[in-house]
Peer 1: 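One structure, as structure tokens, below. Some questions next.
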Amino acid sequence: MLTKRIIPCLDIKDGRTVKGVNFLNLRDAGDPVELAAQYAEQAADELVFLDISATEQKRKTLANLVLKVAATIDIPFTVGGGISSIEDVAILLKNGADKVSINSAAVKNPELISNLSNQFGSQCIVVAVDAKKIGEKWKVHLVGGKIQTEIDLFEWVKELEHRGAGEILFTSMDHDGTKKGFANEVLSRLSEENNIPIIASGGAGNISHFVDAFTIGKADAALAASVFHFDEISIIDLKHKLKQQQIAVRI
Amino acid sequence: MIAIIDYEAGNVKSLQFALERLGVKSILTADPKIIINAEKVIFPGQGAAASAMKKLKDSGLDTLIPKLKQPVLGICLGMQLLCDFTEEGNVNALGIISGKVKRFSDNVKVPQMGWNTISGLQNPLFNNIKNYEFMYLIHSYFVPLLAETIAVSQYDLIYSVAVQKNNFYGVQFHPEKSSKAGQQILHNFLNLSP
């Protein structure tokens, strides 16, 4: 049986791992390569590296870090942050990334997703979608949630699947950093309306939040950062608890 | 020397690193002489079947690979291309193993992405691997059950997660991304007798 994935996210700024509350007030949580190896050891199913400074500073790639990570760990990992062209993706994949995550560039140029999936295959194209509830609508946001667009979340994800995205990394800006749980209703709707895997992101605070993301939210994977980085939740513990709730996990 | 067949089939860096971690030297090459003389050959694969077959044909590797005599390991798309036909792009593949590669139905999310169990293990390739071990998979198409099936997995239906015919082995999962158990399978492959 395909298992639900637990994915620690390493936010990277200037080569170091950081995680802020609502993307602000960054705290240092260590060396990314070392942290990655530790997570692989602790039964993390996958890792995501997001260069949170990339979009703002137009920094192109994390190529060197990717190479170091690929040499060290033996589980899959995704790299994102400021990726905006076929060339960016080619370098990251060539250096050993399994998947890339595209965010703002997909909104600015949706054709990029079609081109990337044609060139590299859907399996390595993750699209990160940040959204926030504005009135009654969920609107897509850009630049780490700072810029609101008029794009409807649900229509956008359908378009992304149609264009060949292999997976959606959905972050609710309303939940991110709150530690009050994932956006389960939205997640469940995304999962029902689309036929590609959905990663839940934003809001993990305790183990029952993960249970809810998989049962109520029907997510295929759940991503979190600070609860793992600061050892508030151990991945092994989490997986044992999920298993007790009849959720299929890799232990 | 281990030859990894180079036909621009996506991410092979992780595979090279995994072999390095096993202390084994590998060379990424499309040179027929090097491939024919390699002790073992790994046939990786990622991306779309039709464009992969086109690249193999353009370089003549499509006729070279079926003639290889040493152990050959097809990984992911590399395993699927050992079959004679794939629904992905409706193209003929290498025809080493008689079977048609199919797409998962829409009853499940496609691609299958993540860790699934492998069972029914019956091959030296799986020495020291426990039944229902977890492997990392990422694929939209699958090889159905065949006479050559040496391990199965279940997603939508029960399908071949590994096959073997003579010196040709194929695994749908990525051993290079499947933690210690994946490393063990690569180790087993490298230790197969010629």
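Letters A, B, ... are given to chains in the order of the sequence lines, protein chains preceding strands, and every chain is numbered from 1.
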Peer 1: Mind checking the CD1-NZ spacing from B:Ile138 to A:Lys99? Nearest 0.5 Å is all I need.
Peer 2: 4.5 Å

Peer 1: Out of B:Gln154, B:His139, B:Met113, B:Gln112, which one racks up the most heavy-atom pairs below 4.5 Å with chain A?
Peer 2: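 Heavy-atom pair counts peak at B:Met113.
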
Peer 1: Within this structure, what is the CZ-OG distance for the pair A:Phe77 and B:Ser14, rounded to the nearest 0.5 Å?
Peer 2: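 One gets 6.0 Å once the value is rounded to the nearest 0.5 Å.
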
Peer 1: Above 12 or not: heavy atoms from other molecules or residues under 6.0 Å from NZ of B:Lys55?
Peer 2: yes

Peer 1: Return yes when atom CD of A:Glu185 has more than 12 non-hydrogen atoms of other residues, nucleotides or ligands closer than 6.0 Å, and no otherwise.
Peer 2: no

Peer 1: Counting C-beta onward and ignoring hydrogens, is there a side-chain heavy-atom pair between B:Lys109 and A:Ser191 closer than 4.5 Å?
Peer 2: yes

Peer 1: Taking CD in B:Gln122 as the centre, count heavy atoms belonging to other residues, nucleotides or ligands within less than 6.0 Å. Is the count above 12?
Peer 2: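 Enclosed: over 12 neighbouring heavy atoms sit under 6.0 Å from CD of B:Gln122.
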
Peer 1: If we only count heavy atoms from C-beta on, is the B:His174 to A:Asp98 side-chain gap below 4.5 Å?
Peer 2: no

Peer 1: Which value, rounded to the nearest 0.5 Å, describes the distance between A:Asp45 atom CG and B:Trp115 atom CH2?
Peer 2: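 Spacing of CG (A:Asp45) from CH2 (B:Trp115) equals 7.0 Å.
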
Peer 1: Relative to chain B, which segment of A:Glu161 carries a heavy atom at a distance below 4.5 Å: side chain, backbone, both, or neither?
Peer 2: neither

Peer 1: With A:Gln119, which residues qualify under side-chain hydrogen bond (donor to acceptor under 3.5 Å, both in side chains), at least two apart?
Peer 2: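 If we apply the side-chain hydrogen bond (donor to acceptor under 3.5 Å, both in side chains) test to A:Gln119, skipping adjacent residues, there are no hits.
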
Peer 1: Between A:Glu46, A:Lys4, A:Gln123, which has the largest tally of heavy atom pairs under 4.5 Å with chain B?
Peer 2: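 Result: the option with the highest number of such pairs is A:Gln123.
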
Peer 1: Could you tell me if the side chain of B:Tyr136 sits less than 4.5 Å from the side chain of A:Ile75, heavy atoms only?
Peer 2: no

Peer 1: Go through A:Ala40, A:Gly96, A:Gly121 and name the one with the most non-hydrogen pairs under 4.5 angstrom from chain B.
Peer 2: A:Gly96

Peer 1: Taking atom CD of A:Glu41 as the centre, report whether more than 12 heavy atoms of other residues, nucleotides or ligands fall under 6.0 Å from it.
Peer 2: no

Peer 1: Does atom CE of A:Met1 have more than 12 heavy-atom neighbours from other groups under 6.0 Å away?
Peer 2: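 No.
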
Peer 1: Given heavy-atom pairs under 4.5 angstrom as the criterion, report whether the side chain, backbone, both or neither of A:Ile251 touches chain B.
Peer 2: backbone

Peer 1: Tell me, for A:Ala221 versus chain B, whether the close heavy atoms (under 4.5 Å) come from the side chain, the backbone, both or neither.
Peer 2: neither

Peer 1: I'd like to know if A:Asp74 and B:Lys180 make a salt bridge, using a cut-off of under 4.0 Å between side-chain N and carboxylate O.
Peer 2: no

Peer 1: Considering all heavy atoms of both residues, which atom of A:Leu2 and which atom of B:Tyr155 are nearest to each other, and what is their separation?
Peer 2: CD2-CE1, 3.6 Å

Peer 1: Counting only heavy atoms closer than 4.5 Å, note whether A:Arg5 contacts chain B via side chain, backbone, both or neither.
Peer 2: side chain

Peer 1: Run the numbers on B:Val12 and A:Lys94 for side chain to side chain contact (heavy atoms under 4.5 Å, CB included), then give the verdict.
Peer 2: CA-CA 8 Å; B:Val12 290; A:Lys94 191 164 177 262; over 6 Å; no

Peer 1: Under 4.5 Å heavy-atom distance to chain B, tell me which part of A:Thr3 shows up: side chain, backbone, both or neither.
Peer 2: both

Peer 1: Without swapping roles, check the side chain of B:Arg21 against the backbone of A:Ala71 for a donor-acceptor pair under 3.5 Å.
Peer 2: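 Checked: pair present.
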
Peer 1: What closest approach, in Å, do B:Pro111 and A:Pro197 show between heavy atoms, and which atom pair accounts for it?
Peer 2: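 Nearest pair, atom of B:Pro111 first, then A:Pro197: O-CG, 3.8 Å.
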
Peer 1: Measure B:Ser179 against the heavy atoms of chain A and call it side chain, backbone, both or neither at under 4.5 Å.
Peer 2: both

Peer 1: Using a 6.0 Å cut-off, check whether atom NZ of B:Lys165 has over 12 heavy atoms from anything other than its own residue.
Peer 2: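 Yes, the 6.0 Å shell around NZ holds more than 12 heavy atoms from other groups.
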
Peer 1: Using side-chain heavy atoms (C-beta onward) and a distance below 4.5 Å, is B:Val110 in contact with A:Asn195?
Peer 2: yes

Peer 1: Please look at A:Ile73 and chain B and tell me whether the side chain, the backbone, both or neither of the residue comes under 4.5 angstrom of a heavy atom of that chain.
Peer 2: backbone

Peer 1: Counting heavy-atom pairs under 4.5 Å to chain B, which of A:Asp220, A:Asn194, A:Asn118, A:Ile198 comes out on top?
Peer 2: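 The residue among A:Asp220, A:Asn194, A:Asn118, A:Ile198 with the greatest pair count is A:Asp220.
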
